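Every value quoted in this text rests on a predicted model; they were computed, and no experiment measured them. Residue numbers run from 1 in the order of the sequence given.
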Amino acid sequence: QVQLVESGGGLVQAGGSLRLSCTASGHPLSSYMMGWFRQAPGKEREFVATINWSGDRTSEGDSVRGRFTISRDNGKNTVYLQMINLKPEDTAVYYCAASRRYTLTDDRNEYVYWGQGTQVTVSS
């Protein structure tokens, strides 16, 4: 069992930056492919980014590519999401998730452990 806890959310103005963190306990994070998803009110949970176990492969969703960067520090059992040039449409609850897959995926059904989420609000 893996417990995931996100942090780093908050209120920021458009054009600003935030870095989200997701810290795992209960099992080494290095065993899992990790992802970030987000969900805005009234919308489906959306893929944001994913990273393989070693951190040398990543994939980002179309709406965030070039602005968001996923990374990990297995020694700290933590995954990060660096977000720059934030837009009001990035406002959502952001979730990190862990998958046992070896290949990158944007399919939320492939992720077995989820955190509780952290709110990101971008004002215009």
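- The shortest side-chain heavy-atom distance between Q116 and V5 does not fall under the 4.5 Å cut-off.
- When side chains are defined from C-beta on, V122 counts as touching V120, because their heavy atoms get closer than 4.5 Å.
- The closest side-chain heavy-atom distance from K43 to R38 is not below 4.5 Å.
- In plain terms, the two heavy atoms of S30 and W53 that are nearest each other are O-CB, 3.3 Å.
- Ion pairing between a basic and an acidic side chain is recognised when a charged N comes within 4.0 Å of a carboxylate O; E110 and R100 show no such pairing.
- Between V79 and I70, the closest side-chain pair of non-hydrogen atoms falls below 4.5 Å.
- For the pair W36 and C22, the minimum side-chain heavy-atom distance is below 4.5 Å.
- There is a path of hydrophobic side-chain contacts, each under 4.5 Å, that joins V12 to M83.
- If you check the side chains of S63 and E46, you find a donor sitting under 3.5 Å from an acceptor.
- With no hydrogens or angles considered, no side-chain donor-acceptor pair links E89 and T91 at under 3.5 Å.
- L20 and V2 end up in the same hydrophobic cluster when Ile, Leu, Val, Met, Phe, Trp and Tyr side chains are linked at under 4.5 Å.
- Between R101 and Y32, the closest side-chain pair of non-hydrogen atoms is not below 4.5 Å.
- In this structure, S59 OG and N52 CG are separated by 11.0 Å, a value rounded to the nearest 0.5 Å.
- The shortest non-hydrogen separation linking D56 to S54 is OD1-OG, 2.8 Å.
- In this structure, N85 and R67 approach most closely via the heavy-atom pair O-NH1, 3.0 Å.
- Across all non-hydrogen atoms, the minimal contact from F47 to T105 is CE1-O, 4.0 Å.
- Of the possible polar contacts, one joining the E6 side chain to the C96 backbone as a donor-acceptor pair under 3.5 Å is found.
- Both I51 and Y94 are part of a single hydrophobic cluster, where members link through side-chain heavy atoms under 4.5 Å apart.
- Remark: of the listed residues L4, D73, T23, L4 is the sole one forming a side-chain contact (heavy atoms from CB on, under 4.5 Å) with L29.
- Taking all atoms of both residues into account, the shortest heavy-atom contact from Q82 to I84 is NE2-CG2, 4.0 Å.
- Hydrophobic cluster membership differs between M34 and V93, with clusters built from Ile, Leu, Val, Met, Phe, Trp and Tyr side chains linked at under 4.5 angstrom.
- With a 4.5 Å cut-off on side-chain heavy atoms, R108 and W114 count as touching.
- Residues L11 and L81 are members of separate hydrophobic clusters, defined by side-chain heavy-atom contacts under 4.5 angstrom among Ile, Leu, Val, Met, Phe, Trp and Tyr.
- In this structure the side chain of V48 reaches within 4.5 angstrom of the side chain of F68, judged on heavy atoms.
- A pairwise comparison of heavy atoms in Q119 and A92 identifies NE2-O, 3.4 Å as the closest pair.
- Remark: L18 CG to L86 CG distance equals 5.5 Å, nearest 0.5 Å.
- We find that R65 and D62 are joined by a salt bridge, their nearest charged nitrogen and carboxylate oxygen being less than 4.0 Å apart.
- Within the cation-pi definition used here (under 6.0 Å to the ring centroid, within 45° of the axis), R45 qualifies as a partner of Y95.
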